[in-house]
Amino acid sequence: MDDITDKDLRSHRLEAGDMSVTILSLGCITHDWQVPLGDALVSTVLSYRDPADHLRHRGSLGIIAGRVANRIANAQFSLDGTTYQLAANEGSNQLHGGPRGLASHNWRLEPDGKTGVQLRHRSPDGDQGFPGNVDFTVTIYLQNNQLVYDMTAVPDRATPINLAQHSYYNLMGSGTIWDHQLQIASRAYTPTDDGLIPTGEIATLDGQPFDFRQNKLIRQADPTQKGADVNLVLEQTNQSPAATLTAPNGLCLKLWTDQPGLQLYTGAKLSAKAPPLHQQTHQAFTGLCLEPQHFPDAPNWPHFPTTICTPERPYHQRLTLEVSAL
């Protein structure tokens with residue numbers, strides 16, 4: 001892991017009117033998103049009060065996950081006749097790029113005025129077991145009430161890449177997410193085994209508790225509070241949001257993405273590791289993730305949308321988030 005100290009950590013605050021977003025150099029973390037509501041400001045993403053606590057308590061709060069987000073079964077895959085053994089960090093599997101994935105590194109941060117920031121990182125050949133050198137660039141900008149993430153990765157040889165922005169949202173700024181309403185443009189999902197590894201099937205959402213085709217309370221969808229951690233297959237439309245999240249206070253988050261999947265995680269394993277941002281609590285179900293991505297374990301399932309990128313076909317993802325009062 002990078003030998004990063006508190007002094008190495010950089011940040012940049014994006015501003016648009018009364019709205020602000022703070023981005024950290026460590027893992028491209030979205031550290032704070034302050035949204036005006038009446039005479040108050042609401043912290044809409046979970047984070048720590050002290051940015052340096054992200055160094056002391058490594059995790060997934062607000063990170064860009066990669067090289068390959070989500071899980072790879074048995075921490076291995078084959079490409080062009082070669083089997084690559086990856087660094088495992090969830091039992092025998094790899095999660096979010098391994099124990100020293102992109103989120104563990106201090107990216108080069110270059111501010112672009114009050115509304116933008118660009119972050120860069122080179123991942124060397126063999127990093128966490130993956131082939132090829134890859135140059136990653138994440139450009140983040142705030143326009144009015146829209147936060148845009150533009151992510152690119154240029155490899156020097158064929159290699160899998162799958163990034164995911166991993167904020168935990170709570171539009172109330174505190175409490176649990178059970179009384180948020182959620183709608184997701186998805187009719188299917190990728191079933192998994194007990195280790196959350198896909199079975200290879202693409203199944204209909206009919207009868208599943210995480211079927212959010214119709215807008216409904218998360219409490220209503222999950223009355224036993226079991227929690228969800230599932231990849232949903234998105235219906236691709238440029239005009240309509242892929243997901244809409246609405247809180248009792250009237251704040252509404254809309255998400256547009258060009259990715260084929262969206263990981264819905266309702267935060268069952270969230271816990272307090274350091275003092276949180278003002279008024280927040282970090283415990284089970286106090287934040288939820290909406291992570292646009294390619295499907296989990298895609299390198300091992302040829303019928304899933306491919307995550308293999310090349311110098312001629314580099315990686316690109318564009319994520320647009322909009323928060324406004326209804």
Side-chain angles (χ1 to χ4, degrees), residues 60 64-66 68-73 93 95-96 149 151 162-171 177-178 180-246 252-270 285 287-301 303-307 317-322:
S60 56
I64 298 293
V68 176
N70 219 304
R71 292 168 176 86
I72 296 181
N93 305 319
L95 175 64
H96 292 332
Y149 298 80
M151 310 178 222
N162 177 29
L163 303 183
Q165 203 286 325
H166 204 297
S167 286
Y168 286 77
Y169 303 104
N170 185 322
L171 302 184
I177 48 86
W178 295 119
H180 284 59
Q181 294 184 63
L182 181 60
Q183 186 169 11
I184 300 175
S186 172
R187 301 177 183 177
Y189 74 110
T190 51
T192 56
D193 62 19
D194 291 342
L196 295 177
I197 298 297
T199 63
E201 183 185 5
I202 296 176
T204 176
L205 281 172
D206 291 345
Q208 293 297 330
F210 38 80
D211 180 357
F212 285 97
R213 280 174 284 186
Q214 300 300 317
N215 189 36
K216 59 184 174 182
L217 287 170
I218 298 173
R219 180 189 304 281
Q220 175 188 353
D222 188 8
T224 63
Q225 300 188 3
K226 179 181 178 181
D229 195 357
V230 59
N231 172 59
L232 301 170
V233 180
L234 292 177
E235 301 285 308
Q236 288 295 333
T237 60
N238 293 326
Q239 292 76 27
S240 302
T244 302
L245 182 69
T246 309
C252 176
L253 180 146
K254 295 180 179 180
L255 180 155
W256 290 266
T257 180
D258 52 11
Q259 299 298 286
L262 182 77
Q263 188 79 14
L264 169 65
Y265 175 54
T266 53
K269 295 183 179 179
L270 267 171
F285 307 114
L288 68 85
C289 299
L290 299 166
E291 308 161 49
Q293 56 166 10
H294 272 255
F295 298 175
D297 201 30
N300 290 312
W301 297 103
H303 62 289
F304 283 0
T306 184
T307 56
Q317 179 187 158
R318 185 180 176 89
L319 165 64
T320 301
L321 299 166
E322 178 183 290

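Bear in mind that the values here come from a model prediction, so they are computed numbers and not experimental data.
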- Residues that Ala268 engages under side chain to side chain contact (heavy atoms under 4.5 Å, CB included), provided they are two or more places apart: Phe285
- Task: Provide the closest heavy-atom pair for Pro305 versus Ala298 in the form atom of the first, atom of the second, distance.
- Result: O-CB, 3.9 Å
- Any side-chain donor near an acceptor of the partner, Ser167 and Gln165, under 3.5 Å: yes
- Query: Quick one: are Asp229 and Leu196 in side-chain contact, heavy atoms under 4.5 Å?
  - Reply: yes
- Shortest non-hydrogen contact between Val233 and Phe295, atoms and distance: CG2-CZ, 3.8 Å
- Message: Checking Asn70 now: which residues fulfil side chain to side chain donor-acceptor pair (under 3.5 Å) with it, not counting sequence neighbours?
- Response: Gln263, Gln293
- Item | For the student: nearest non-hydrogen atoms of Leu205 and Ser186, plus distance | CD1-O, 3.2 Å
- Pairwise side-chain contact, Asn93 with Ile72, heavy-atom cut-off 4.5 Å (strictly under): no
- Query: Any salt bridge (Lys or Arg N to Asp or Glu O under 4.0 Å) pairs touching residues 230-240, not counting sequence neighbours?
  - Reply: Arg187-Glu235
- Query: Any chance the side chains of Ser60 and Tyr168 put a donor and an acceptor closer than 3.5 Å?
  - Reply: yes
- Partner residues of Tyr189 under the ring pair (Phe, Tyr, Trp, His ring centres under 6.0 Å) criterion, sequence neighbours left out: Phe210
- Side-chain contact, heavy-atom cut-off 4.5 Å: His294 with Thr306? no
- Note on the structure: Here the salt bridge (Lys or Arg N to Asp or Glu O under 4.0 Å) pairs for residues 237-246, sequence neighbours left out, are none
- Message: Taking the side chain as everything from C-beta on, heavy atoms only, tell me whether Leu290 gets closer than 4.5 Å to Leu321.
- Response: no
- Residues forming a side chain to side chain contact (heavy atoms under 4.5 Å, CB included) with Lys269, sequence neighbours excluded: Tyr265
- Note on the structure: In terms of heavy-atom contacts, Ala221 and Lys216 come closest through CB-CE, 3.8 Å
- Which atom names give the shortest non-hydrogen contact between Thr307 and Pro299, and what distance separates them? OG1-CG, 3.7 Å
- Message: Does anything in residues 190-209 form a salt bridge (Lys or Arg N to Asp or Glu O under 4.0 Å)? List the pairs, not counting sequence neighbours.
- Response: Asp206-Arg213
- Task: Evaluate the ring planes of Phe304 and Trp301, with Trp represented by its six-membered ring, and classify them as parallel (under 30°), tilted (30 to 60°) or perpendicular (over 60°).
- Result: tilted
- Message: Please enumerate all residues that pass side chain to side chain donor-acceptor pair (under 3.5 Å) together with Thr266, with sequence neighbours excluded.
- Response: none
- Message: Filter on salt bridge (Lys or Arg N to Asp or Glu O under 4.0 Å), then keep only pairs touching residues 289-300, sequence neighbours left out; what's left?
- Response: none
- Taking every non-hydrogen atom, the tightest pair across Ala243 and Ile184: CB-CG1, 4.1 Å
- May I ask you to check whether Asn231 and Thr190 show a side-chain donor-acceptor distance below 3.5 Å? yes
- Query: Can you list the residues that meet the ring pair (Phe, Tyr, Trp, His ring centres under 6.0 Å) rule with Trp256, with sequence neighbours excluded?
  - Reply: none
- Message: I'd like to check the ring pair (Phe, Tyr, Trp, His ring centres under 6.0 Å) partners of Tyr169; sequence neighbours left out, ordered by chain and number.
- Response: none
- Note on the structure: ring pair (Phe, Tyr, Trp, His ring centres under 6.0 Å) filter on His96, not counting sequence neighbours, yields His166
- Are any of the side-chain heavy atoms of Leu288 and Ile218 separated by less than 4.5 Å? yes
